[in-house]
S.K.: 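This structure is in structure tokens; I'll ask about it shortly.
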Amino acid sequence: MSYQRKSQIFVYFCVMKRKIVYLSPTLCNPDGIERVLIGQANYLADQLGYEVTIILTDGLGLAYSYPISPLVRIIQLNIGFYNPRSGGRIRALYDYVRKMRRYRQMLEEQLIKIKADVVITTLRRELNFLHKIQDGSRKIGWAHLNCGSYRQVNFGPWRLRGFFTRIWQSQFYQQLRRLDTLVVLTDEDKMAWEKHLDRVVTIPNPLSFQTDKVSPLTAKQVVAVGRYAWQKGFDRLVQIWSQVQPLHPDWQLHIYGRGPRSPILQLIDQLNLADNCQLHPYESDISRIYQQSSIFAFSSRYEGFGLVLTEAMHCGLPCVSFDCPCGPKDIITDGEDGFLVHTPDEFAQKLSHLMDDEDLRQRMGKQARKASFRYTTDQIMKKWEDLFNNSK
């Protein structure tokens, strides 16, 4: 073979783009997983020159929650898993089986056509059959919840829920073993997954934004961010605030998120906290809110990671967080850039400590800002590139 021909082949393989496919139900909800997925897809396409495709099953005609690069291709299969069902449970089951069959057929057609190098599943419905699709790609699972939060049976007789949960989770682990790799968000969670799987790697979520502006930490405001859901623990945060507020009547607690607020509002009224505990809807420019606050409160009962912790730290906020599974332990260094606590009383104590001591807030805030740079997009995407290049 001539030198010129060898050079042409070399150039071809150098410029040939790696193909990545993401599988997601929809991109129309402003959740952390969708924000991270879109940000990662944009980076791979815009910065690294990958051919990126996102295949969706639902959300036809709905606006995407976050901007998507024009270089990222979106394929909408329009299966309609989330469409309202009628006709009773038997009819609903029949519709679901029919839609699953249609989803497998359409997804297989698309993957064979695309010939991707890597297909990434967020562990949704396609996990039931993805390993059977012979398209030549490596199949990577991407877990956004902690190990113990998947496949929990919360219906039927109470005494049988644990039994059925164990059966369902056993099936889940069997499906995951057929993937090439499982990506989890924390080292703490990795230890739990490794009891069931062999090929598990930790890649945290990246910061959803980067800014040079940090909070001066002088405003008498504590902030919390997340969905208004039991998981996020805002009910117990309000209870904690009822202990803190009498000692610090000039401080305010502001909570931002989406979802039904009525239960938390009722609790605020019962505890007579309406003057200094405010609930707000979802805020797209959340960095501005962090920069107007002085302490971040993280009250979750469980997590997959805790993206809002890294966001708040990036804006220079010291954090007080329950040491819940999984995420805070990986992110916060207790006593240096925030506090990890185990009880509501301890949470109230640490909040009060930071409110009373501005020097401590400033010192911890600087450490929090410094620690947040572990989660820049460049740092995290380097880990994904290494996985794409090294996984077999």
S.K.: Indicate yes or no: does Asp95 engage Arg91 in a salt bridge with an N to O separation below 4.0 Å.
M.R.: yes

S.K.: Check the side chains of Gln169 and Tyr150 for a donor-acceptor pair under 3.5 angstrom, ignoring hydrogens and angles.
M.R.: no

S.K.: Run Gln239 and Phe234 through side-chain contact (heavy atoms from CB on, under 4.5 Å) and show every step you take.
M.R.: CA-CA 9 Å; Gln239 294 278 3; Phe234 292 146; over 6 Å; no

S.K.: Are Glu108 and Lys132 ion-paired here, with the side-chain N under 4.0 Å from a carboxylate O?
M.R.: no

S.K.: Does this structure show an ion pair linking Lys190 with Glu194, if we count only N-O contacts that are shorter than 4.0 Å?
M.R.: yes

S.K.: Within the 3.5 Å criterion, strictly below it, is a donor on Glu34 or Tyr66 matched to an acceptor on the partner's side chain?
M.R.: no

S.K.: One pair to check against side-chain contact (heavy atoms from CB on, under 4.5 Å): Trp142 and Leu123. What are the steps and the verdict?
M.R.: CA-CA 7 Å; Trp142 192 11; Leu123 310 187; 5.9 Å; no

S.K.: Can you label the angle between the Trp384 ring and the Phe388 ring as parallel, tilted or perpendicular, going by 30° and 60°?
M.R.: tilted

S.K.: Between the side chains of Lys382 and Asp386, is the shortest nitrogen-to-carboxylate-oxygen separation below 4.0 Å, so that they form an ion pair?
M.R.: yes

S.K.: Evaluate whether atom OH of Tyr96 has more than 12 neighbouring non-hydrogen atoms of other residues, nucleotides or ligands under 6.0 angstrom away.
M.R.: yes

S.K.: Do we see a donor-acceptor contact under 3.5 Å between the side chains of His248 and Asn276?
M.R.: no

S.K.: Is the closest side-chain donor-acceptor distance between Asp323 and Ser321 under 3.5 Å?
M.R.: no

S.K.: Any donor-acceptor pair under 3.5 Å linking the side-chain atoms of Thr26 with those of Asp58?
M.R.: no

S.K.: If I compare all heavy atoms of Ser352 with all of Leu247, which pair ends up nearest, and what's the gap?
M.R.: OG-CD1, 4.3 Å

S.K.: Could you tell me if Gln221 and Ser293 have a donor-acceptor pair between their side chains, going purely by distance under 3.5 Å?
M.R.: yes

S.K.: So does Asp180 pair up with Arg138, basic N to acidic O under 4.0 Å?
M.R.: no

S.K.: Heavy atoms, side chains only, cut-off 4.5 Å: are Ile54 and Arg73 in contact?
M.R.: no

S.K.: Measure up the Phe322 and Phe347 rings against each other and bin them: parallel (under 30°), tilted (30 to 60°), perpendicular (over 60°).
M.R.: tilted

S.K.: Side chains of Ser137 and Asp135: is there a donor and an acceptor less than 3.5 Å apart?
M.R.: yes

S.K.: If you take all heavy atoms of His254 and Tyr256, which pair is closest and at what distance?
M.R.: CB-CE1, 3.8 Å

S.K.: Check the pair Ile268, Cys277 against side-chain contact (heavy atoms from CB on, under 4.5 Å), reporting the backbone distance first and the verdict last.
M.R.: CA-CA 7 Å; Ile268 290 172; Cys277 182; 3.7 Å; yes

S.K.: Taking all atoms of both residues into account, what is the closest heavy-atom pair of Ala297 and Val222, and its distance?
M.R.: CB-CG1, 3.9 Å

